[in-house]
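Below: the structure, in C-alpha cells.
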Amino acid sequence: MKCPIEAREDGQLLGYCDGSLSAERKAAVAAHLQGCAPCQEFVARQSMVWEAMDGWEAPPVSLGFDRRLYQRIEQEVSWWDLLVRPFRPLLTRRSVPIAATSLLVLVAGLMFQNPMPVTPVKPPASAQVDGMPPEQLEHVVDEMELMREFNRLVRVDATDPKM
Amino acid sequence: MGPALVNPAAPAVRLYQASPQDRDRVIEKMPPGQQVRIRKQLEYYDNLPPGQKAIMLQRVQRFDALTPEKRRGFAQQLRTMNELPQDRRQAVARALRRLGVMPEAQRVIVLNSDAFKNEFSPEEQKIISGLSEVMVPDGQ
C-alpha cells in the first residue's frame with residue numbers, strides 16, 4: 001500500500017480513525033501503519049482528538065436562555081434599520097425599479113465624467129521578505145536547521161536520515 | 001490548497017512562504033556558504049506534504065516567539081535528546097508527539113503528573129518540557 005501521507009490521501013487515515021473504512025481497507029491501512037511512523041503519528045494525533053471530543057460535554061443551557069435571547073434580538077436594531085425605517089413607505093414595489101434605474105444612470109454619468117484611474121494589478125503576494133537584514137538571515141538559517149532537526153527527531157528515529 | 005497562512009511575522013516563516021523569485025532576491029544577498037544552507041532548508045520544506053508544512057510553520061512561529069534564553073535552551077535540549085540512547089530517544093519523541101496534540105493547560109498537568117515523572121528521568125523531563133514549547137495542537 002502506498003503511504004497515505006506521501007500520496008496526500010489523509011482521508012484514508014481519517015477513515016481508519018473514525019471506523020468508516022471497509023474491512024479490507026482497514027486491514028490494509030493497519031498493515032501499513034505497522035511500518036510507517038509518520039502515519040502512526042497522524043493516527044495517534046487523530047485518536048487524541050477523537051478522545052478529547054468524545055470526552056467533551058456541552059455545558060447545560062441556563063433557565064430562561066431562550067427568552068433572554070429573543071428579548072435581546074428584539075431590542076437590538078441595526079443602524080441601517082434605523083436609517084431606512086422612515087423611507088420604508090416610499091420603497092414600494094413600483095418605486096424600487098424607478099429608483100434603481102435613476103441611481104444607475106447617475107452613477108454611469110459620474111463615471112463617464114470622472115473615469116477612475118487605472119492602477120496596475122499587483123501580482124499575488126507571497127510573504128513579504130524584502131528588507132531582511134543579513135544578520136537576521138543568519139539566524140533564520142540556524143532556526144530552519146534547528147526546526148528541521150526537531151522535526152526529524154520527533155517524527156521518526158530510524159528511517160529519516162540526518163541532515 | 002497550500003498550508004494555512006499563519007501570522008507571517010517570523011522571518012523563517014516569511015521565507016518558507018515566499019515565492020521562488022522573492023526568495024532568490026533575498027538569498028542572493030547572503031554569503032555563498034549560507035546560500036547553500038538556506039536553499040537546502042527551503043528545499044526540505046517545499047518537499048513536505050501540506051499537513052507537515054503547516055505544522056512546520058506553526059512550530060517555527062512558536063520558536064520565533066520564544067525568549068532568546070528559551071531558544072538557547074531549546075537548542076541545548078535538542079542536542080541532549082540527540083545524545084540519548086535510541087530507545088530513550090524514541091520514548092521522548094513519543095511523549096513529545098502526545099504532548100503536541102494537547103492544549104497548553106493539559107500539557108502542564110501531564111508534565112507535572114507522577115506518571116510522567118516515573119516514566120522519565122529528570123534529564124528527559126527537562127528535554128520534553130523544553131522541546132514541547134514549540135509543539136502546537138492543530139488548529140491553534
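Naming convention: chains lettered A, B, ... in sequence-line order (proteins, then strands); numbering from 1 in each chain. For the numbers below, each heavy atom of this structure counts, side chains included, while hydrogens, waters and symmetry mates do not. In this text, all values refer to a predicted model and were calculated from it rather than measured experimentally.
- Counted within 6.0 Å of CG on B:Asp114, heavy atoms from surrounding residues, nucleotides or ligands total 12 or fewer; the atom is thus considered open.
- Only the side chain of B:Gln52 has a heavy atom closer than 4.5 Å to any heavy atom of chain A.
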* Asked: Which is it for B:Arg71 and A:Leu146 under the side-chain contact (heavy atoms from CB on, under 4.5 Å) test, yes or no, and what are the steps along the way?
  -> CA-CA 10 Å; B:Arg71 281 192 225 173; A:Leu146 203 62; over 6 Å; no
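- The local environment of CD in B:Gln76 is crowded, with over 12 non-hydrogen atoms from other residues, nucleotides or ligands closer than 6.0 Å.
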* Would A:Met147 and B:Asp64 count as a side-chain contact (heavy atoms from CB on, under 4.5 Å) if you check the C-alpha gap in whole Å, the side-chain angles of each, and the deciding distance to 0.1 Å? -> CA-CA 11 Å; A:Met147 296 315 292; B:Asp64 200 69; over 6 Å; no
* To do: For side-chain contact (heavy atoms from CB on, under 4.5 Å), just list the numbers for B:Tyr44 and A:Glu145, CA-CA rounded to whole Å, side-chain angles, deciding distance to a tenth of an Å, and then say yes or no.
  => CA-CA 10 Å; B:Tyr44 165 78; A:Glu145 287 176 350; over 6 Å; no
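- If you chain together hydrophobic residues whose side chains sit under 4.5 Å apart, A:Tyr16 and A:Met1 fall into the same group.
- Counting heavy-atom pairs closer than 4.5 Å to chain A, the top-ranked of the candidates B:Arg94, B:Met56, B:Met30 is B:Met56.
- Between A:Phe150 and B:Phe63, every side-chain heavy-atom pair lies at or beyond the 4.5 Å cut-off.
- For the atom pair CG of A:Leu153 and CG of B:Leu78, the computed distance is 5.5 Å after rounding to the nearest 0.5 Å.
- Using a 4.5 Å cut-off between heavy atoms, B:Leu131 contacts chain A through both its backbone and its side chain.
- You'll find the side chain of A:Met144 stays beyond 4.5 Å of the side chain of B:Val60, heavy atoms only.
- Between B:Pro49 and A:Ile5, the shortest heavy-atom contact is CG-CG2, 3.8 Å.
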* Asked: Step by step, would you call A:Leu137 with B:Leu15 a side-chain contact (heavy atoms from CB on, under 4.5 Å)?
  -> CA-CA 10 Å; A:Leu137 287 168; B:Leu15 263 175; 4.0 Å; yes
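- Residue A:Glu138 touches chain B through both its backbone and its side chain, counting heavy-atom pairs closer than 4.5 Å.
- Hydrophobic clustering of Ile, Leu, Val, Met, Phe, Trp and Tyr side chains at less than 4.5 Å, counting indirect connections, keeps B:Val36 apart from B:Leu42.
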